[in-house]
Amino acid sequence: MPTSLNCPNCNAPLNFSDHPNQVSIHCDYCNSTIIVPEEERSTINAPHSNNPQEAQIMAEVTQLIQNGRKIEAIKLFRETFGVNLKEAKEVVEAMARYETVHFANSTFTAQIQPGTIQTSGSWLGGCVWRFIVFGFFFALVIVIVGIFETRAGNSNQQIETAVEQINELLGSDVIPSGGDIEITIDEELERTIELIEDNVNLTGFPEPDLQIGGAEGTGPGFFNDTRQIAIDGEGLIYTADYDGGRIQVFNEEGEFIRQLNLEADKFIPSMVVNRQGTLLVQAPQGIEKYDSQTGEFLGLVPNSERLGFLPGMTITLDGSLVVAGRDRLMRYDSDENIMLDIPNLDEIIPEYETATTDVAVDGSGNIYIMGRETIYKLDANGRFLDRIGSRGESEDQFISFPTAITVDGRGYVYATDFSGIRVFDENGRFLTNIPMSGVIFDMLITTQDELIVMDRNGNELRQYALADLLP
């Protein structure tokens, strides 16, 4: 029978089946990975730990990932919990993506901090080992420089810049500047280079036109697990901490204007501001309304309790509110009258599956709902039209679960991913990937053709001109 737990990170209810292989579960509310306690797993052929100190084992798994020894981490997790390779790989990769892994009945968390994953080996292992590692780095960097020249067609100046950055990182001028360098590489090194090409931009990320924050804190302009952003009709930008009820307001120049303090125990997984200047916040009991000037509670959007636990929201060009829950799609006009209500999305969308929900609407009224591994496109009346994107490692696929989607005036669809932001045209054809530092939890596009993103891990809000990002 289904069993219930509460997420140790956000206290949301977790539902799972007594399946023999159900060792970990994903919290759709806060994106955490939770290891189900042994006593809650099935007692018939259930995987279990031969070592009672699971938290200690997970600390060792965390250390292995930090040292770049992911295969060993997967092996240790499999041996500890008796799971198959797929489950062990999913948990380890979640940690490598800087997601927190929790034990459901413990305060222990295993989390890799951004920037701490190292290559295998230690620089303290003696002169011989230091020489081997140094030689590997030297060869790898030479290959990377060659790839940037031959595959990307970068200018000599860009290559020299990359060389300078790597020399600075290694602490000495070990890589010669200029000249043609050739090297023969084996299959494993080639795969390493491919991963670096996919996920690393040595010449830098796009330069933003506006930056707010960059450090963790609770003062004006500082962010603390800030995940949601919104913009009102005057161009004011709103940011919401995930918990604690703090909302900051900035003007178009990034200057702090005011702070709203909602309930101290409030989680804010979704937020918009409507044309009337009312702040709308998703809550378990429905969509709550607040005065965007004072933070005064104004009640609930009528019938929004139908949407369930995890709706995403957007305000359309005509001022209506579109909300997509896990199973339901609703649209309200500017007077909060229901214009569209589809109670069972799985009945109109083939193989419908969604976890973290977001929704966007283009200028023609087409509705885009974010699924676990794809984007579902519906027309203005809620009829299913198409899918955009899929899960995989190709450039037009999602490496990880998308966390946010938005649409620009051209009808281009933007979706966040581990390696950046995937961009598709109105027909679902892949256009480009915009590399982004940090972890983008929310984004929006202004009427001035500007992309605003919230980097939750970097504690930074950034704004870019789309003309500088698109091919």
Side-chain angles (χ1 to χ4, degrees), residues 3 5 7-9 14 16-27 30-126 129 132-133 136-137 140 186-189 191-192 194-196 198-199 391 393 399-401 418 439 457:
T3 307
L5 289 174
C7 174
N9 184 39
L14 303 172
F16 65 95
S17 302
D18 285 335
H19 189 281
N21 290 324
Q22 193 77 25
V23 169
S24 64
I25 187 170
H26 183 263
C27 177
C30 68
N31 284 322
S32 294
T33 298
I34 297 91
I35 296 177
V36 178
E38 185 174 351
E39 62 271 17
E40 298 290 352
R41 305 172 202 156
S42 174
T43 58
I44 303 177
N45 297 324
H48 63 278
S49 169
N50 294 322
N51 190 327
Q53 298 180 344
E54 292 179 340
Q56 179 179 346
I57 296 296
M58 285 303 297
E60 295 179 20
V61 171
T62 302
Q63 187 63 49
L64 288 171
I65 299 172
Q66 284 182 307
N67 291 336
R69 298 157 64 183
K70 189 183 294 186
I71 294 177
E72 294 178 49
I74 294 172
K75 182 175 182 292
L76 179 57
F77 187 88
R78 289 189 67 191
E79 293 174 350
T80 302
F81 293 95
V83 298
N84 59 38
L85 178 61
K86 180 177 181 294
E87 276 207 322
K89 186 172 181 287
E90 287 178 352
V91 171
V92 168
E93 288 185 344
M95 295 169 65
R97 291 193 300 268
Y98 315 132
E99 297 175 8
T100 303
V101 174
H102 302 265
F103 280 103
N105 285 350
S106 170
T107 57
F108 173 85
T109 62
Q111 184 176 33
I112 309 297
Q113 296 299 321
T116 62
I117 296 179
Q118 308 291 331
T119 56
S120 299
S122 170
W123 288 91
L124 303 177
W129 181 241
I132 293 172
V133 175
F136 174 79
F137 269 83
L140 180 60
D186 60 24
E187 183 177 344
E188 182 178 356
L189 186 55
R191 176 57 182 155
T192 301
E194 289 175 359
L195 290 173
I196 290 175
D198 290 340
N199 297 289
R391 185 74 180 273
E393 297 184 359
I399 297 175
S400 59
F401 298 138
F418 181 63
V439 177
N457 284 23

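All heavy atoms count here, side chains included; hydrogens, waters and symmetry mates do not.
When each of Glu60, Met95, Glu93 is tested with Ile65 by the rule side chain to side chain contact (heavy atoms under 4.5 Å, CB included), just one qualifies, namely Met95.
Between the CG atom in Leu76 and the CD atom in Gln63 there is a gap of 12.0 Å [rounded to 0.5 Å].
Smallest separation of non-hydrogen atoms from Val61 and Phe77: CG2-N, 4.3 Å.
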